[in-house]
Amino acid sequence: MTATSTRAVSTEVVGPRSLYEEEHEQFRAMVAAFVEQHARPHAERWDQEGKVDRWLFTKAAEAGILGFSIPEEHGGGGSDDFRFNAIMGEELARNPVTSGMAGIALSNDIVIPYFTDLTDDDQKARWLPGIAAGELIVAVAMSEPGTGSDLAGIRTSAVRDGDDFIVTGSKIFISNGQNADLVVTAVRTGEDPHRGLSLLVIPTGSPGFSRGRKLDKVGLHAQDTSEIHFQGVRVPAANLLGPEGSGFFGLVRNLAQERLSIAAAAVASSEGVLERTLRYVKDRYAFGQPIGRFQNTRFEIADMVTAVRVSRSYIDDCLRRLGDGTLTAEDAAGAKYWTTEQYVDVVGRCLQLHGGYGYIREFRIARDYEDARITTIYGGTTEIMKEIVGRGLGL
Ligand SMILES: Cc1cc2nc3c(=O)[nH]c(=O)nc-3n(C[C@H](O)[C@H](O)[C@H](O)COP(=O)(O)OP(=O)(O)OC[C@H]3O[C@@H](n4cnc5c(N)ncnc54)[C@H](O)[C@@H]3O)c2cc1C
C-alpha cells in the first residue's frame, strides 16, 4: 500500500477498554447531554465573565451529576464507585465545551470528599443536603500568597476564643472562590509545621469574610479562581473537620484520588486533542495532498497516539486499584505528573500541526493549549510529584 492510496482509516484514538460497565457509559451520555443543554448556550458568556452562574450547580444536582457520592439519606446519589467521577471527568475533558464545568467536577472529586469523610453526624446533617442540592457551593482553600507547595508554610491563623475560632489571613488561587458558600480552609492553630494545621469550614456569609480579585488566567477562562480574605472571622469550633491539629492529615488523605482524577482527565484531554487533530490533518491540504500524508505528520501522530494509549492503559489500571484500595500516593503522584506533562506536550505538537489556525482562539486547539498549561502545576506541581515518587523509592 502506498502512502498516497485512499483507505478507510480509523479516527479512533482510544483503544478497547474494560474499565467501565453499561451504567457508567449511560452516565457519560447523561453528562454529555447536560453539557449540551445547559452549558454550551452560556459558554462564551461565562468565558467573558470569568465564572459560571450559580444555577449551574442546582441544575447539575437535579440532573444527578453533582453530589452523587453523598449518602442517599442526605440527599445524594449514594455512590462509592469512583468510576462515575472518572467517566464524568473524561467526558468533560475529551469533548471540552466550557471550562465552567470544572467547578462541578472539582466539587465531586476534590471538595465533597472532605464533607462526606471528615464530618461528624451533626456536620453531615447541617451541610450535606445543601451541597447535594447544589445550593451550597463548596471550595477548598490551602494555597496562600506566600505558600503553595509547602503546606507547612500556611500562615492563616485560627485563634481559639471560647466556643469559636477567630480567623485572620488570605488565600489565593481558590477555585469556585467567587461562588462558594462553604470554604474548607487550612488554618494554623498551633506552632508545629504539620500538627499545628487544622481544617475549618468557613461560611462565606460570615462577617469579616471577603472575596478578592477574580484572577485573570492564561486559560480556564470560565472557571473562577480567586483571592479570599479573612479579617477576624468568627467561626464556631463545631465547624472543625476532625480534631484540632489533624488538618495536614485531612489534606493528604484524599490526595491520591485528587491526583488520579487530574491524571485521568489529562489522558482524556490528550485523546480528544488527538482525535480532533487527526480529523484536521486529513482535511487540510498543502502541496497537493492532505498534511496528514507527510511523513512528519504521520510520525508525529503515531508517536503521540501510541504514547497516550500507553498512558491510558496505566491510568485505567490505577483507577481499578483506587477501587480496590491498593493505589498508593506514589502511584498517583507519578500518574499525575506523567499524564499532565504528556498532555502539555501533545497539545503543543498538535497546535503546530494546525499551523496559523492553531493560534486562533475560535479553533478549539488554541483553547486546549491555554487550558492545558495549568495541569502540571495545580493539584501539586510536577517537581513535587517527582519528590513523592523519589522518596517512595527510598531516596
Ligand atoms: C487555576 C488554578 C486553580 C487552583 N485551585 C486551587 C484551589 O482550589 N485551592 C487551593 O488551595 N489551591 C489552588 N491552586 C493553587 C495550586 O495548587 C498551587 O499553585 C500549586 O500547588 C503550586 O503552588 P505555588 O503556586 O505556591 O508554587 P510554589 O510552591 O511557589 O512553586 C514554584 C516553583 O517551585 C517549585 N518547587 C517548590 N518546592 C519545590 C521542591 N521542594 N523541589 C523542587 N521544586 C520545588 C515548584 O515545583 C514550582 O515550579 C490553584 C492554582 C491555579 C493556577
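Whatever order the structure lists them in is the order used to number ligands and atoms, beginning at 1. Note: hydrogens, waters and symmetry copies are ignored here, and every other heavy atom, side chains too, is used.
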Original post:
How about Gln231: does its CD atom have over 12 heavy atoms from other parts shown lying under 6.0 Å from it?
Top reply: no
**OP:** Compile the protein residues with any heavy atom at a distance under 4.0 Å from an atom of ligand 1; present them by chain, then by number.
**Re:** Val140, Ala141, Met142, Ser143, Thr147, Gly148, Ser149, Phe173, Ile174, Ser175, Lys217, Thr225, Ile374, Ile377, Tyr378, Gly379, Thr381, Glu383, Ile384
**OP:** If the plane angle is over 60° it's perpendicular, under 30° parallel, otherwise tilted; pick one for Trp55 and His42.
**Re:** perpendicular
Original post:
Can the ring centroids of Tyr280 and His354 be said to lie less than 6.0 angstrom from one another?
Top reply: yes
**OP:** Identify whether the distance between the nearest side-chain nitrogen and carboxylate oxygen of Glu36 and Arg40 falls below 4.0 Å.
**Re:** yes
Original post:
For residues 255-270, which residue pairs qualify under side-chain hydrogen bond (donor to acceptor under 3.5 Å, both in side chains), counting only residues two or more places apart or in two chains?
Top reply: Asp109-Ser261
Original post:
How about Tyr369 and Tyr359: are their ring centroids closer than 6.0 Å?
Top reply: no
